[in-house]
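I have placed the structure first, in the form of structure tokens, so that the comments after it can refer back to it.
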Amino acid sequence: MTVVRKKLIAGNWKMNLTPSEAAALIDATLPLISEASCGVAMCVPAVDLPAAHDRLRGSRVTLGAQNIHWADKGAYTGELSAAMVQSVGAACVIIGHSERRQYFAETDAAVGMKTRAALAAGLLPIVCVGELKEERLSGQTSEVVTRQTLAALDGLTPDQVSSLVIAYEPVWAIGTGLVASDEQANETIGVIRGVVRNKFPTAADSVRILYGGSMNAQNAPGLLAQPEIDGGLIGGASLKPADFAAIVNAASQPLAAGS
Ligand code: 13P
């Protein structure tokens, strides 16, 4: 049976734009994606959430945060809980981005705790996995994404897993202009879906797995045509209205007959 998963294009603005700049970017982007039939999300800096929420009202774009803490509250200076980002409009959240793993020492265990905290609060997690350049070169890609995926799935119910979004972001492709080939991305996403299937057989066909890493208007159509790739997590290009819109519109094309 062919399962049709609705594609999702999520922008990750990273540490860019003040609230007024965020409002201007949204105002410039929304008219270009008004015909989109795929899911669209914008994951913005926490300080931009209220302004973005205001500007996105009435649109079909899902607003997201880029990180949460796993605890409900407490002595965690500088951190934000799931309920806090939700209270200013976030409906989804990126968890375990490689920049957080690399620069803020986020472990697989922390990613698991944050994923569970997001789901418990009713936030949709977009959980990132992906190998370093050395890991790919030494043939460890499958092992790395398997370990990271299993940690993220730990303690979840099949229903929670079906609603999950996973983003495969090879670290060597992020912000480098070095995009994974269509086949590399499709193959590794297939490995990740296999890990999900092994543990949660009923959820594997529903979980959406995105590709991220130097995805742009030119390479998006090829990547999005791959059977395992359910959308994209977009960094740099999400800050450029025409480029982001081109990716969203590529993801909104119906699949060719028979595919
Ligand atoms: P770039 O699209 O800028 O490579 O970033 C990808 C990314 O990290 C999205 O989360």
Side-chain angles (χ1 to χ4, degrees), residues 7-17 21-22 25 29 33 38-46 48-49 52 61-68 85 90 92-104 106 111 114-115 118 123-133 135-136 141 144-145 148-149 152 164-182 184-185 188-189 192 208-224 226 229-251:
K7 288 203 178 351
L8 172 66
I9 300 297
N12 173 10
W13 292 6
K14 308 194 179 183
M15 195 177 75
N16 291 291
L17 309 185
E21 291 167 341
L25 178 61
T29 306
I33 58 171
C38 66
V40 182
M42 292 182 185
C43 298
V44 310
D48 294 344
L49 284 167
V61 176
T62 304
L63 181 60
Q66 298 174 5
N67 179 39
I68 50 167
V85 297
C92 65
V93 60
I94 297 173
I95 306 273
H97 192 279
S98 65
E99 287 149 16
R100 297 217 51 90
R101 294 178 190 258
Q102 250 184 315
Y103 305 133
F104 304 99
E106 220 163 87
V111 171
K114 290 179 177 204
T115 303
L123 276 178
L124 171 69
I126 302 176
V127 183
C128 301
V129 300
E131 80 286 3
L132 303 170
K133 185 173 174 198
E135 292 167 336
R136 176 159 285 268
T141 299
V144 170
V145 298
Q148 293 174 332
T149 304
L164 203 63
V165 177
I166 298 175
Y168 167 56
E169 298 208 307
V171 179
W172 48 271
I174 295 177
T176 56
L178 285 176
V179 66
S181 69
D182 299 348
Q184 278 174 326
T188 309
I189 290 179
I192 295 166
R208 283 180 294 175
I209 312 183
L210 317 181
Y211 168 77
S214 297
M215 194 158 165
N216 60 30
Q218 286 71 43
N219 58 36
L223 288 160
L224 293 169
Q226 296 295 314
I229 303 183
D230 301 322
L233 184 55
I234 318 298
S238 71
L239 299 170
K240 300 178 192 150
D243 293 37
F244 188 65
I247 300 170
V248 167
N249 292 326

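No hydrogens, no waters, no symmetry mates; every other heavy atom, side chains included, goes into these values. Every number for a ligand or one of its atoms is a count from 1 in the order of the listing. This is a predicted model, so every value here is computed, not measured.
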Ligand 1: which protein N/O atoms lie under 3.5 Å from its N/O atoms?
from: ligand 1; atom 1: 2 (O); to: G235; atom 2: N; distance (Å): 2.9
from: ligand 1; atom 1: 3 (O); to: G236; atom 2: N; distance (Å): 2.8
from: ligand 1; atom 1: 4 (O); to: G175; atom 2: N; distance (Å): 2.6
from: ligand 1; atom 1: 4 (O); to: S214; atom 2: N; distance (Å): 2.7
from: ligand 1; atom 1: 5 (O); to: K14; atom 2: NZ; distance (Å): 3.2
from: ligand 1; atom 1: 8 (O); to: K14; atom 2: NZ; distance (Å): 2.8
from: ligand 1; atom 1: 8 (O); to: H97; atom 2: NE2; distance (Å): 2.8
from: ligand 1; atom 1: 8 (O); to: E169; atom 2: OE1; distance (Å): 3.4
from: ligand 1; atom 1: 10 (O); to: N12; atom 2: ND2; distance (Å): 3.0
from: ligand 1; atom 1: 10 (O); to: H97; atom 2: NE2; distance (Å): 2.9
from: ligand 1; atom 1: 10 (O); to: E169; atom 2: OE1; distance (Å): 3.1
from: ligand 1; atom 1: 10 (O); to: E169; atom 2: OE2; distance (Å): 2.9

Check: [Y] main-chain N/O paired with [X] side-chain donor or acceptor under 3.5 Å:
{"X": "N219", "Y": "S214", "answer": "yes"}
{"X": "Q66", "Y": "K14", "answer": "yes"}
{"X": "R208", "Y": "V165", "answer": "no"}
{"X": "Y168", "Y": "V145", "answer": "no"}

Practice problem: Go through the steps for W172 and E131 under the test side chain to side chain donor-acceptor pair (under 3.5 Å), then give the verdict. | Solution: CA-CA 8 Å; W172 48 271; E131 80 286 3; 2.9 Å; yes
When the side chains of residues 235-247 are checked against the rest of the protein, which donor-acceptor pairs come out under 3.5 Å, sequence neighbours left out?
from: S238; atom 1: OG; to: I234; atom 2: O; distance (Å): 3.2
from: S238; atom 1: OG; to: G235; atom 2: O; distance (Å): 2.7

